[in-house]
Structures are given as structure tokens and as C-alpha cells.
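Let me begin by presenting the structure, written as C-alpha cells, before commenting on it.
Chain A is the first sequence line, chain B the second, and so forth, proteins listed ahead of strands; every chain is numbered from 1. Quantities reported herein were computed from a predicted structural model and do not represent experimental measurements.
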Protein chains: 2
Amino acid sequence: MSDLTVIAEPGQHDIVVTRSFDAPRDVVFKAMTEPEYLARWWGLKETETVIDRAEMRPGGSWRFVERAPDGQEYGFHGVVHDLVAPERFVQTFEFEGTPGHVCLETTNLEEKDGRTLYTSVAVFQTVEDRDGMLQSGMEHGLKQSMDALDGVLATVS
Amino acid sequence: MSDLTVIAEPGQHDIVVTRSFDAPRDVVFKAMTEPEYLARWWGLKETETVIDRAEMRPGGSWRFVERAPDGQEYGFHGVVHDLVAPERFVQTFEFEGTPGHVCLETTNLEEKDGRTLYTSVAVFQTVEDRDGMLQSGMEHGLKQSMDALDGVLATVS
């Protein structure tokens, strides 16, 4: 059962996402930042995610490509601005189909009784950009990704 | 006379700054993005700004150091996410004294009758971060910088 919540107050610039995972924080952090795990949960279920670059350190950059069953490719990239293992990272996120539109995402992991609470706050350049992201079906894709991440956790070593 | 406006609605993540300049847009853009001009207007009046790095292109990074009269140094850095000369750039902004706190700034320049309207929208990770920036005396420093930029424009070639 997923306890995913997606909160987007009307007229605000941000989207707040929370979800808990039944694993210690260092395991969740590893799965969220190491390429071999990222490739297995990031993106939609029906697509294959190729990790082009994943320099998960402050000042590093990442680029992932989602390859759809019809062969179409969708690129995403960003820059890591801060990373404090295993509790926090700050990064930008851009879809290459809409250049110039950038989102700034802060992820926090808190551990309690062996479980980990994931909280992500994404801020957008405009409220319209934020609303566009919501309307693009983000919640559907996010749910798939988070569920896939949940499945990957047991394999993290 | 400066027509600087700084708008920060209560409870929002953003600060919107506007100002007009009596110069064509390509001149303002140059002064805002080329190191030799940046060093002359960026930062407080009483400090010296040293341009450590200014890769003003998408994916490039910048780092400026403000040197106060007492010798104290304050570092700032960011990443350029988008740049469309002479109309627009998107960058992050971090003060090295508060690591992990990142602001995402979108700057637009519009030209009308030979004058240029500068609009900057900065979004912060939290409303508290945004309010902290306002309380730090940002408007005072911004006014000084923008007035200095105004003075630099006549020298742009």
C-alpha cells in the first residue's frame, strides 16, 4: 500500500510530495542516488530509463533518457546543488522538450523506527509552470516511480 | 531616478523585481552577462566584486566573491540553466555562507522605444527562505547594484 501524497495549494509555486518506505534511510538514499538503482525505478513503467550521466555530488549534473516502447526518447537533466548523505539533496530538473523551464527540488529523508519518510518540495519558476506539471499527468508517473523504487529497496546492498 | 520595484506577496515563494534602464536591450544584456561589466556593478557599493568564474551559457557556472573593506570575503555561485541573448536567462543563486539554500532566478529583458524593462522572478525553496532573503537587506543591496549597473551601461561597447 502506498501512502503517497501530492500537495499543491492553489496559486502557489510549489508541489510537496511525501511517501514512506519500509527501509532504513541509507538504503533509500542509495537507491535514489546511485545509477544502477536509479535506472530501475526512475520514469514510467512502460519506458526504459537510460542513465546518461549521474554525478550525484554538489555541482555535478545528471541526465536521464526515457525510451518509450515506440522508440521515442525523452531527455531530462539537472544539476545537483547540495547533497548530504543520507538525508538530503537539492537539484534542478528540466525536461528537454521544454527548454528554459526549470524546477528546483529539495528532497529530505527522515528515519523513524526503521522506516523512511521521503519529502520532496519542488518549486517552479511560475505558478503556471507548476500547474502545467500537475496537468501533464505527473502524479500518475510519480506513483509508478515511487512504487518501483519501493520494489528496488530490497535489492540494495 | 530609479523605478525599482520589489514585490513579495505574503506566503509566496517568489520575489519579483522590475526596473527600467535607458539603454537598448542588447546593451543591458551585455552588462549583465559579461565579466568585465559584472565586476563593476554586482554587489554592494562598499565591496569589491571579484569574478572567479562566469561561464554565461546553458550548463555553465559562475562564482563571484565580494571583498569587504575589512578584508572579509563572501562567495556566491550558481549555474546557468538557460540563456537566450539578449532577452532571457535562467540561473541558480547560492550564498556560500548558507549551503543548501538555493534560489532559482529567471531574468527577462524587454525593449520598448530604446528603453529596457528588466524583470526578475526569483523562487526560493521555502517561503521562510524567501522571507529571510528579504530580511537580510536584499532590497538595499539590490538598489545599489541596479544603480551601479545603470551607470555602467554608457560604457558598454
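- Heavy-atom pairs under 4.5 Å with chain A peak, among B/G11, B/P99, B/G100, at B/G100.
- Ring geometry for B/F76 versus B/F93: interplanar angle of 30 to 60°, hence tilted.
- Only the backbone of B/F124 comes within contact range of chain A, with at least one heavy atom under 4.5 Å from a heavy atom of that chain.
- The minimum heavy-atom distance linking A/M133 with A/S136 is given by the pair O-OG, 2.7 Å.
- To the nearest 0.5 Å, atom CG of residue B/N108 and atom CG of residue B/L117 are 9.5 Å apart.
- Taking the six-membered ring where the residue is Trp, B/F29 and B/F89 present perpendicular rings, their angle passing 60° and hence far from 30°.
- Put simply, the side chain of A/D82 does not reach to within 4.5 Å of the side chain of B/E94, judged on heavy atoms.
- If you measure heavy-atom distances from A/V102 to chain B, the contacts under 4.5 Å come from both the backbone and the side chain.
- Hydrophobic clustering (side-chain heavy atoms under 4.5 Å, transitive across Ile, Leu, Val, Met, Phe, Trp, Tyr) groups B/I15 together with B/W42.
- Within the 3.5 Å criterion, the main-chain N or O of A/H13 finds no donor-acceptor partner in the side chain of B/Q12.
- For the pair A/V27 and A/K30, the minimum side-chain heavy-atom distance is 4.5 Å or more.
- Chain B is approached within less than 4.5 Å, heavy atom to heavy atom, by no residue from residues 52-64 of chain A.
- Between chain A and the residues B/V127, B/T126, B/V84, B/D14, the most heavy-atom pairs under 4.5 angstrom are made by B/D14.
- Among A/V123, A/L83, A/T106, A/V79, the residue making the largest number of heavy-atom pairs under 4.5 Å with chain B is A/V123.
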